[in-house]
Amino acid sequence: MGEPYLLTPGPLTTALSVKQAMLRDWGSWDGDFRAMTAELRRRLLELAGATAGEYECVPMQGSGTFAVEAMLGTFVPKDGKVLVLANGAYGQRAAQTLSYLGRAHVVLDKGDYLPPRGAEIGELLDADPDITHVVAIHCETSSGILNPVAEISETVYGRGRKLLIDSMSAFGAIPLDVSEIRCEAIVSSANKCIEGVPGFGFVIARRSELEAAKGRCHSLSLDVFAQWENMEKTGQWRFTPPTHAIAAFMEALRLHAAEGGVAGRGARYAKNRDVLVEGMRALGFETLLSDRWLSPIIVTFFSPAHPRFEFQAFYAAMKKRGFIIYPGKLTVVDSFRVGCIGHMDEHVMRRVVEAAGQSLKEMGVDTAAPPADAMQERARLAA
Ligand SMILES: *Cc1c(COP(=O)(O)O)cnc(C)c1O
């Protein structure tokens, strides 16, 4: 057996040709590399349905969190105030980042997985005229919930505020067209739905917001305006770029386009999810989320109530069969997660289900049914 499949939401399993694209060295100042950077920025704008000139794409070195911090530090003015819509770890991390940056903020905390809805956001904005910006997480990867960003955007702009979106784990697979969903900036990274390797993130921002952000960022290296200005002037990244990761990303973008772009990628992931969820339910597993909120990115399953079920043993049994799964992140009940993204299709997902069935058998677990309190949690969500 070769490498295990990473059923994790990034880093994830990449295509062989993406890995092979890293087998040469690039000079970061060289014309060929600068052309690659220009092409990358152009292609990402296209994926967001953005017109060059109205929007700009600015890649940033580092993991996705670096790019989120860069976006918040660059676009939220020092006297601004942010409403963070949180329903999991990434919303909480955005709030924590604002604390580090010394930006005033309030959090609408929906707990582990309830979606923030337009009406409650509207009430909060009406009650607090100081709020200038709202931060939303597109797909909250900790539960897999797909948050209603279109509804959120309408509410935010209906109240004259500005929206910043962390679309890290959704961009490239779930449509996020800036001509349809209004926002000032979107952030994502190389190693999620575009299926590149880790090393950089990118911000897609309204050009007028970028221009207004000169000199605002708290950080030299995370200043999106400064990175943009330098790229426009010289075609180069300000500091050493992750050249190999960028070369791999160009190949990943090529594969993305060949698959039919956002629609094609999203359809494969949705099929992955459907095969996974159907197969796991047949084994007795239940999903945390009802079908309406299930994203095609990652699915949270309740851990079975059976006394012989233990996550570490299940993890090891799955790994032995070639699949790396992911622990859950819920505070109330035990769970685990299975990613649907990466270079794999429904045939692989059928094998995942098979492996889960064999793993349960090996552990002596004859039913994967969740505990009663887990199902009560779930009923709360439906209410
Ligand atoms: C992956 C992810 C991030 C960034 O995480 P890193 O580990 O820094 O790459 C941020 N937000 C969401 C929603 C994510 O899924």
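When reading the values below, keep in mind they use all heavy atoms of this one structure, side chains included, and skip hydrogens, waters and symmetry mates. As the structure is a prediction and not an experimental result, all values here were calculated from the model. Counting starts at 1 for both ligands and their atoms, in listed order.
- Within the 4.5 Å cutoff, side-chain heavy atoms of Leu176 are placed close to those of Ile181.
- Set against the non-hydrogen atoms of Ser169, the atoms of ligand 1 under 4.0 Å away are 15 (O).
- Among protein heavy atoms, the minimum distance from atom 11 (N) of ligand 1 is reached at Asp166 OD2, 2.7 Å.
- Considering only heavy atoms from C-beta on, His133 stays 4.5 Å or farther from Arg161 through its side chain.
- With ligand atoms numbered from 1 in the order given, ligand 1 contributes 4 (C), 6 (P), 8 (O), 9 (O) to contacts under 4.0 Å with heavy atoms of Gly64.
- An N or O contact shorter than 3.5 Å is missing between Asn191 and ligand 1 by distance.
- Of all the atoms in ligand 1, the ones that sit under 4.0 Å from a non-hydrogen atom of Thr65 are 4 (C), 5 (O), 6 (P), 8 (O).
- Less than 4.0 angstrom separates some heavy atom of Cys139 from each of these atoms of ligand 1: 13 (C).
- Judged by the shortest distance from any of its heavy atoms, Lys192 lies inside the 4.0 Å radius around the atoms of ligand 1.
- The proximity of His138 to ligand 1, defined as any non-hydrogen pair under 4.0 Å, does not occur for either the backbone or the side chain.
- Residue-ligand proximity, Ile137 to ligand 1, at heavy-atom distances under 4.0 Å covers atoms 13 (C).
- Proximity of Ile174 to Tyr269: side-chain heavy atoms (C-beta onward) are nowhere separated by under 4.5 Å.
- Close N/O approach between Ser63 and ligand 1 is found [any backbone or side-chain N/O within under 3.5 Å].
- Side-chain atoms of Thr155 and Arg117, non-hydrogen and from C-beta on, never get closer than 4.5 Å to each other.
- Close contacts between ligand 1 and Thr141 involve ligand atoms 12 (C), 13 (C), 14 (C), 15 (O) [criterion: under 4.0 Å to a heavy atom].
- Lys162 places none of its side-chain heavy atoms less than 4.5 Å from the side chain of Phe75.
- Taking CE of Met344 as the reference point, atom OG1 of Thr14 lies at 11.5 Å (rounded to 0.5 Å).
- Between Phe309 and Phe302, the gap from one ring centroid to the other reaches at least 6.0 Å.
- The nearest non-hydrogen atom to atom 7 (O) of ligand 1, considering only Arg93, Glu69, Glu140, comes from Arg93.
- In this structure the side chain of Lys329 never reaches within 4.5 angstrom of the side chain of Asp112, judged on heavy atoms.
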